[in-house]
Structures are given as structure tokens and as C-alpha cells.
2 protein chains.
Amino acid sequence: MNIYDIAKEAGVSISTVSRVMNHKGNVNPETRKKVEEILEKNNYTPSAIARGMVSKSMKTVSVLTVDIRVPHYARTAYTIEREFSRRGYEVSLCNTGGELEETIKYLRTAREKKTDGIVLVGSVFNTLCKNAEISGLLQNIPVVLANGKLELPNSYSVLVDDRYGVSLAVEHLIQKGHREIYYLRDMDTVSAQLKCEGFIAEMEKCGLKNARQQVLETASSIEGGIKAVEQLIRRKQKFTGIVCGEDITAAGVVKALLHYGIKVPEEVAVTGYNNSEYAKICEPQLTTIDNKPELVAMMSVQLLTSLIEKTEVYSSCTIQPELVEGQTT
Amino acid sequence: MNIYDIAKEAGVSISTVSRVMNHKGNVNPETRKKVEEILEKNNYTPSAIARGMVSKSMKTVSVLTVDIRVPHYARTAYTIEREFSRRGYEVSLCNTGGELEETIKYLRTAREKKTDGIVLVGSVFNTLCKNAEISGLLQNIPVVLANGKLELPNSYSVLVDDRYGVSLAVEHLIQKGHREIYYLRDMDTVSAQLKCEGFIAEMEKCGLKNARQQVLETASSIEGGIKAVEQLIRRKQKFTGIVCGEDITAAGVVKALLHYGIKVPEEVAVTGYNNSEYAKICEPQLTTIDNKPELVAMMSVQLLTSLIEKTEVYSSCTIQPELVEGQTT
DNA sequence: CTGAAAGCGCTTACAG
DNA sequence: CTGAAAGCGCTTACAG
């Protein structure tokens, strides 16, 4: 059943049916009523594909993320989806795993389907977008990078000042009298790099010169946190504070410390990052950094919407994280 | 740039260009090569919308879930997305919040866009699909319900035996010598109902007749778990075991018990449900039930794919959860 | 206020 | 092996 069938049944032209469906003016009220009845009676659903054919848009936005199972990405993607849904766009979900080939694959279909816009969630995309093929695929499509900066003509970004975020944690520990502070760094993204720099800068600012040697690389997982603590203990390092780049790692750290009979926060203070549910479940509850994924998502959607609809003026922006005090400091 | 431009540039007809792009036979190798060069040179991307117009499919599947931020749904959606991506389908994400109006809205656009299939993730959809408008919208579209049963002609389901899941937890506690066992029930979905029945049935099977009075309703959150424990203590109930319908609730229970100086598992044993990251972070680590979201997702994708492509034979199936012993029992 | 016609960019028989 | 033509289901000027 298509617009021709409806037109025939109503005894009008397809132009008129189209006008009625799209609530355009210039239709005789009686004609409108008759057409509406027939539409209703047949429970008619117009084809969005045919519409897309002429408008060159399917009202769809692609969200590329590393892995939706990571709570931080889930929170970001959730808000992005809800907001775009409200605005009449469908959201297609892409779990790239941070891999080049997968990202290319997703972007290719996005292009073929004429996506209205793309949100890249995660600072991995900073690195990925340096690839020529990827930046080629991104051409002429509105792109917003949630937490990162792109050097592309039609791309904008919503940055989170992760450097500042970690510096807040360090400052907090130093205020509490800690001096022997270690940083657990995970992964190799731009964001991880910035966090680490935030640690070193803040430590040095406070006259703690050895900061660079107090960075440990570890997997961002409970096990990663546990292993880091074991390493510190094995090496007989002195430490009273551990700043982590992720809540999940911090949860592992707390677990390990308690298992070794080290009191948290009395003997060692710990901070996480993300203000996630993990931080709340952790016992004692983690002091953590709120990097505001919902706000990042909101700003990204606003930016992308204005790029797509070319309405308002737009510009990139930066979000400042905040410290959320728990019981581990 | 469209197929006509390519055809003109290559000096052939659009039919030939189409044949080359779709790797169909019957093209002179030389002609093929020339067309491919021009395709390559222009970095040509065929329009999936125009293709969809004739095939009546955009190779897209809609995944409706309650809230992607719930880890269990995130895990399910992740696997669904990855599997469909592998099979050449795009996945559109819909956070319905379990609400009727939102669900209708998503299904309506899914129909307009001629989605190839729909996966409903979560047992809320059992209830929602009883609504006439919803079942109407689901007509003539392949549908798979991940954890639920639908009475629709073209719908199939992948069930998780949640009744059995909770009975495993109860059986485990009883084996460990517990008799005063409470169940924390959350929400009002079919799945929550089944879990609760599993508790009562298993308790009664073991001769514990008061089971029905040992069910507490509480929010599925850390606070929900804490409140339930406070309630039990306030009412001076005797209890040595608490079975929870969700890991997150169990995490709250453990927190509360420890705060009251009650040892876990020595004085009170606790079990969760979902085998989530929450269970692992909880200290002591939760004994929980693995309800296998990845397997549910895999089966759902297989089912839906065969429904869409009408290839293999297909049928609904049921998955049996397993107990994962942690340190809280 | 209404309709005929062109066009969106492909695929797919069909004829040659 | 190749091309002309119809068709997918709409929207959008344009003419009346």
C-alpha cells in the first residue's frame, strides 16, 4: 500500500495525499477530512525511505563509541540517544572497540546511508581520526567529538578537561597531608595522557618533584588495580595516596589494600575517576571525579543539531570536572 | 555524484555500472576495470537509500531496551550490535524507559523506515506487548523478545529461566545450612515475578512454609538494598540469608550489613543476580547468578537473522542460568 | 485549492 | 556482454 492506493481510494491526486500527510496548508477541509479518514482506515504508514530519497536524509545520527558496556560510554550514549530521539532523529549504535578497521566499516555505511551527523564518543577517536581514510570518510558530514579535538573543517568538539580533573584529585590528597602519591595510568588514549599530565603538573606545582616516577601503568579493571597495589608492596614503595584514572581500577586498589590489611583511608587514601556506580558500590565509597558524561552528551547533541540544521551559531566547548568526596580520602 | 555521472564518465550505461558495483557477472573484464577505476578515482559511495528504495530494506535492526545504562542491558545490546554488524546490519538503539508512549514512538519510526527486524530486550515488553497498538505496530515485522514470550504470529523468544535462577540461589543457601532466608524483590516485570516465584517454590520444596512472608519489595539500587536491611533490623526479624533479584541491590545489602557490624557471610549470607561487574566489585565479592546476557543476545540475533532471511528453521529457546560462587555465601 | 509531471538514485527484468 | 526502460514511493515546483 502506497500513496497511489490512498489517492485512488480517496479520489484525489497523490499531491493532495502528500499535502494532507505533511500537514501542509492549501487543502480544502472536506478533502482533508476524507483523505485523513482513508489514511486512518488503512492504518497507512508512509515510507521513510522514499522520503529520504528526496530529502537525502533518513533522520539518523551515528554514535561511535568504543564499547557500550563501559558505564561511562553507556551514560553518554544514553543521553545522546534520548536527546536525539526527542528531536526526531534515530540513533545508530556502533561499538568500534577503538579499532581502525571497524571504525572505517561503520563510517562507510554511515556515508552510504547519508547519516545526518556523527558523534564520536571517547578520546580514542583523536588518534583514529589522524588516519587519512577516516578523515576522508568524515568529510562533508557534521561531526562532533565528545572529549577530543578534531582538525577537520566541519567538526566540533566538546572537551572535558581531564588534566584538571586529575589535578583536583591530587590537590585534594595533598590538602589532606599526603605526599607519597602514586598515579595509576591506564590505556593509551589522549585522555589517559592528559590525566597523567595533570597528575605530574599538580604534584610538581606542590613541590613534589619525583612525580614522573610515581606513575604506574596498569589495565583499567579490578585486576589492574589489584596488581598495581601488589607491585607497590612488592617493591616496598612508601605510599599514602593512590590516584586512579578510572573508578574500576580504584575499586581494585581498595580491594587489594583491604586484603593486605591496609586501612582506607586511614593509612592509604584512594581516588577514582568517573563518579560511576562503581564508586558508590566500592566499600568504603570512592572519592572520585565527576566528568559529567550527561553534560558532555547534552552539549554534543546541541552542537551536532545546530550543525545539521544550520540554525544557531555554534562553537566547541570545554567542561570542567568536579571532585566528589567519598570515604576513601 | 550519482550512478549516471559514473556511467557518463566511463562511457557505459548505468546498468553496467550497477553490475560492476554489485560484483555481478556478465561484465567484460576490460569494461569492469575501466568502471572500477572511475569509481575509485571519484571515491564513489552508492546511495543506500536509493538501494533501500528498491529492496525495501535499509539493512537495519532496531533494539528496544529499557535503559542502556543498566549493565545487563548494555551487555545484551553490545553483543546484539556486534553480531548484527558482522552480518551487515546496522543497529538502532532505543531507550524506551519501559514506557508505553516511547515504545510506540520508536516502533512507529521503525515501521516507517522499514526495519528488517526488532529485538525487544527485557521482560517489560511482555507487558507492553499486550497493548493493542503495540502489537499492531509489530505486525509483519520479524520480532524476537530477549527474555519474554510473545503471542504474536511472527515473533519468537529467547527465554531465560529466571525462576530456576533464583531457585539455584535458594538451594545453595539451604545447602549451606540457612533456613531464615529473605528475598528482595524489585520492580514489577514478568521476570521479577518469576524470580520471586522461584524463591517461594524452592523454599517450600525444602519445607520452609513461610516463604511468602519473607519477600520484601525494594528498589533495585544500592539504597534499595540498604533500606531493606534496615527494615529487617528495625522489625527485629531473624535472618541468616538474603537472596536478591539484582546484584546492585545485593551490593547495598552487603554495605548495610557491614555497617551494622554483621559479618558476611559468617552471620548473614547474601546472593545477587546477573553476575555483573557490580558483583565483582562488591567486597566480599558476591555469590550471584549468571543469566548469560551474551548467550541470550547471540541466540536472539541468530533467531532474528533466520526470520529476516527466511533461511534456516527456527524456534524459541530457553537458557538456564548458573550459580557463580563468590565470597558472600 | 488541486493535479500532472519531474526527479531523487538505484535495481531489475527484458531485449538485443 | 550491454543498454533502454520501468519501477521503487515519495516531494516539490509549476500550471491551472
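Numbered from 1 within each chain, the chains take letters A, B, ... in sequence-line order. Everything numeric here is computed off the predicted structure, so don't read it as measured data.
Residues meeting the ring pair (Phe, Tyr, Trp, His ring centres under 6.0 Å) test with B:Y73, sequence neighbours left out: none. By the side-chain contact (heavy atoms from CB on, under 4.5 Å) test, B:S135 is found to be paired with B:L152, residues two or more places apart in sequence or in another chain being considered. Residues meeting the ring pair (Phe, Tyr, Trp, His ring centres under 6.0 Å) test with B:Y78, sequence neighbours left out: none. When the side-chain contact (heavy atoms from CB on, under 4.5 Å) test is applied to A:M53, the partners found at least two apart in sequence or on another chain are B:I49, B:A50, B:M53.
Among residue pairs with one or both ends in residues 292-309 of chain B, those qualifying as salt bridge (Lys or Arg N to Asp or Glu O under 4.0 Å) are B:R75-B:E294, B:K292-B:E322; sequence neighbours excluded. Screening residues 128-146 of chain A for salt bridge (Lys or Arg N to Asp or Glu O under 4.0 Å) gives A:R108-A:E133 as the qualifying pairs, with residues at least two apart or on separate chains. Applying the salt bridge (Lys or Arg N to Asp or Glu O under 4.0 Å) test to residues at least two apart or on different chains, the pairs with a partner in residues 41-63 of chain B are B:E9-B:K41. Screening residues 118-127 of chain A for side-chain hydrogen bond (donor to acceptor under 3.5 Å, both in side chains) gives A:S123-A:T189 as the qualifying pairs, with residues at least two apart or on separate chains.
For C:dC1, the OP1/OP2 oxygens have no side-chain nitrogen or oxygen of A:N28 closer than 4.0 Å. Side-chain N/O atoms of A:T31 include none lying less than 4.0 angstrom from OP1 or OP2 on C:dC1. For D:dC1, the OP1/OP2 oxygens have no side-chain nitrogen or oxygen of B:K24 closer than 4.0 Å. Within the 4.0 Å cut-off from OP1 or OP2 of D:dC8, not a single side-chain nitrogen or oxygen of B:K114 is found. Distances shown here put a side-chain N or O of A:N22 below 4.0 Å from the OP1 or OP2 atom of D:dT11.
When every heavy atom of A:E90 is checked against every heavy atom of B:T60, the shortest pair comes out as OE2-CG2, 4.5 Å.
In this structure, NE2 of A:H23 is placed 16 Å from P of C:dC1, rounded to the nearest angstrom. Rounded to an integer number of Å, the gap from A:R19 CZ to D:dA13 C1' is 10 Å. When the P atom of C:dT12 is taken as reference, atom CE of B:M21 falls 11 Å away, rounded to whole Å. Protein atom CE of B:M58 is 14 Å distant from nucleotide atom C1' of C:dC8, rounded to whole Å. The nearest whole Å value for the distance from the OH atom in A:Y4 to the P atom in C:dA5 is 11 Å. To the nearest angstrom, P of D:dG9 lies 13 Å from CD1 of A:I6. Remark: P of D:dC8 and CD1 of A:I3 are 14 Å apart, rounded to the nearest angstrom. If you take CG of A:N2 and P of D:dG7, they are 12 Å apart, rounded to a whole angstrom.
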For residues 24-37 of chain B, which side-chain donor-acceptor pairs fall under 3.5 Å, sequence neighbours excluded?
{"residue": "B:N28", "atom": "OD1", "partner": "B:E30", "partner atom": "N", "Å": "2.7"}
{"residue": "B:R32", "atom": "NH2", "partner": "B:K24", "partner atom": "O", "Å": "2.7"}
{"residue": "B:K34", "atom": "NZ", "partner": "B:A10", "partner atom": "O", "Å": "3.4"}

query = What would the secondary structure line of DNA chain D be in dot-bracket form, counting Watson-Crick and G-U wobble pairs under 3.5 Å, with [ ] for pairs that cross earlier ones and | for pairs with another strand?
reply = |||.||||||||.|||

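Using a 4.0 Å cut-off on heavy atoms, the residues of residues 48-55 of chain A that approach DNA chain D are A:A50, A:R51, A:M53, A:V54, listed by number. For the segment residues 7-18 of chain A, the set of residues with a heavy atom within less than 4.0 Å of an atom of DNA chain C comprises A:V12, A:S13, A:S15, A:T16, in numerical order.
For the pair A:E83 and A:R87, the salt-bridge criterion is met [side-chain N within less than 4.0 Å of a carboxylate O]. Here A:E102 pairs with B:R82 in a salt bridge; the nearest charged N to carboxylate O distance falls below 4.0 Å.
Within 4.0 Å (heavy atoms only), B:N26 reaches at least one base atom of the nucleic acid.
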